[in-house]
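Here the structure is laid out as structure tokens; the discussion comes afterwards.
Order of listing sets the numbers, starting from 1, for every ligand and every atom in it.
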Amino acid sequence: MLIIWWLWPLLAICASDSFQDRAKEIMKTTPVIDGHNDLPWQLLKLFNNKLNDSKANLNTLTATHTNIPKLRDGFVGGITQAFSEGKIASLIGVEGGHLIDSSLGVLRALYHLGMRYLTLTHNCNTPWSDNWMVDKGDDKAESHGLSDFGKRVLKEMNRLGVMIDLSHVAVATMRDALQLSKAPVIFSHSSAYSLCHHRRNVPDDILQLVKNTSSLVMVNFYSMFVSCSKDANLSQVADHLDYIKKVAGAEAVGLGGDYDGVTELPKGLEDVSKYPDLIAELLRRNWTDTEVRGVLSDNLLRVFSEVERVSNIMQVPEEEPIPLDKLGGSCRTYYGYSRASSIHLQIGALLASLAPLLLSLHPL
Ligand SMILES: *[C@@H]1O[C@H](CO)[C@@H](O)[C@H](O)[C@H]1NC(C)=O
Ligand SMILES: *[C@@H]1O[C@H](CO)[C@@H](O)[C@H](O)[C@H]1NC(C)=O
Ligand SMILES: *[C@@H]1O[C@H](CO)[C@@H](O)[C@H](O)[C@H]1NC(C)=O
Ligand SMILES: *[C@@H]1O[C@H](CO)[C@@H](O)[C@H](O)[C@H]1NC(C)=O
Ligand SMILES: [Zn+2]
């Protein structure tokens with residue numbers, strides 16, 4: 001009896017170690033490329049972006065989920081050339097369509113500054129696309145997905161070679177984008193709605209479209225999206241990966257941890273050094289080496305090269321601006337809009353008609 005009691009724990013430890021070893025062996029040649037890390041936001045919060053501060057040192061930062069030693073322990077890498085040089089590359093994603101201010105010119109400029117994905121919305125509607133708060137009932141539907149201008153933004157992203165990110169958008173926007181995009185799209189940090197009914201997650205019918213378009217869902221580790229509570233664990237994150245694999249195929253699964261963007265993280269996935277434990281868990285669940293390499297980076301690299309292939313065959317830029325009455329904002333030049341002169345006239349006429357009233361209210 002005593003021997004048996006001893007043997008079981010020992011066997012369990014050996015087995016888990018061998019999955020760990022296999023995970024690390026795989027990750028030596030295929031690093032993690034995570035779809036969403038908010039370290040730049042932490043640098044803004046902690047240092048107001050004053051990176052000359054001696055404490056703003058990526059090797060010694062301790063208050064963050066992400067620093068260089070943790071990235072090294074987690075086998076985090078990034079695109080092919082930097083990885084072969086032993087460096088950690090980071091691509092730039094822009095989280096929210098409001099950041100282009102309804103300007104195709106700004107979209108093009110951001111591309112040239114290095115943006116390689118744009119999340120169509122953040123937690124608010126843009127003048128041309130609806131966000132997830134509409135599904136939650138907290139915002140009003142405005143574009144009911146993508147407006148005509150939103151569709152032009154999407155086409156221009158296809159032409160430039162910017163990945164379309166559907167995390168944060170309304171289901172109607174997901175549907176429009178998945179239908180219209182000539183290239184696969186990504187969810188840079190969203191999990192499975194079926195396992196946790198949070199509107200930031202991806203519902204099953206959309207997962208079908210993801211499968212059909214060879215698109216990618218990079219699973220978010222935020223406890224509220226994993227278990228719909230503050231408490232979650234690594235095994236529940238693996239459940240989301242398993243689930244998306246079951247519905248949309250292993251080629252549709254990636255990692256979008258949302259490190260340094262969230263407060264509660266699952267037990268066992270506390271910072272970016274922990275990815276090998278999650279990969280070991282997938283191996284324990286009989287994921288093949290190829291499937292695991294897909295999750296780590298191959299699936300994203302496939303989407304990325306398809307996005308670039310489509311970009312190379314699309315020649316004609318979008319030039320029609322957003323309609324003037326959708327532009328929003330109060331400080332504007334209106335050049336380029338043929339109707340703009342009549343708007344100035346209307347405002348002038350309105351002021352003129354108000355003037356007598358104002359005078360009568362101020363009997364000086
Ligand atoms: C950066 O900090 C150092 C040391 O405080 C200072 O000498 C230097 O002028 C600063 N550089 C800039 C660009 O602010
Ligand atoms: C999946 O794609 C095929 C071929 O592109 C198409 O015929 C089919 O309607 C699509 N299914 C869905 C659910 O969109
Ligand atoms: C993870 O959490 C779930 C739900 O609370 C629980 O059933 C499971 O045993 C936990 N797994 C581990 C390995 O802690
Ligand atoms: C993995 O495969 C082994 C061997 O075929 C099997 O015994 C085990 O039940 C499988 N585990 C899971 C989680 O599917
Ligand atoms: Zn986000």
Report all protein residues having a heavy-atom distance below 4.0 Å to some atom of ligand 3; order the list by chain, then number.
Asn233, Gln236
Candidate list Ile279, Leu296, Asp289, Val292, test side chain to side chain contact (heavy atoms under 4.5 Å, CB included), partner Thr30, passing option
Leu296
Test of ring centre spacing under 6.0 Å for Phe221 and Tyr259:
yes
Where Ser129 and Thr173 come nearest, the two heavy atoms and their spacing:
CB-CG2, 4.2 Å
Do the non-hydrogen side-chain atoms of Leu327 and Pro127 ever get within less than 4.5 Å of each other?
no
Indicate yes or no: does Arg285 engage Glu281 in a salt bridge with an N to O separation below 4.0 Å.
yes
Under the disulfide (SG to SG under 2.5 Å) test, which residues partner Cys228, sequence neighbours left out?
Cys196
Measuring from the Zn ion (ligand 5), count protein N/O/S atoms under 2.8 Å, please.
3
Before you tell me yes or no, could you show the steps for Glu270 and Lys274 under salt bridge (charged side-chain N to carboxylate O under 4.0 Å, His left out), namely the whole-Å CA-CA distance, both residues' side-chain angles and the distance that decides it to 0.1 Å?
CA-CA 7 Å; Glu270 290 81 3; Lys274 307 288 184 158; 3.7 Å; yes
Does the ring-ring contact (aromatic ring centres under 6.0 Å, His included) test come out yes or no for His122 and Trp132, once each step is laid out?
CA-CA 8 Å; His122 195 242; Trp132 68 282; 9.3 Å; no
Glu156: which residues meet the side chain to side chain contact (heavy atoms under 4.5 Å, CB included) condition with it, sequence neighbours left out?
Leu104, Leu107, Arg108, Arg159, Leu160, Pro317, Glu318
Taking Val310's backbone N and O only, do any of them form a donor-acceptor pair with Asn158's side chain (distance below 3.5 Å, no angle check)?
no
For Asn286, the ligand 4 atoms with a heavy-atom partner under 4.0 Å come out as 1 (C), 2 (O), 3 (C), 8 (C), 10 (C), 11 (N), 12 (C), 14 (O)
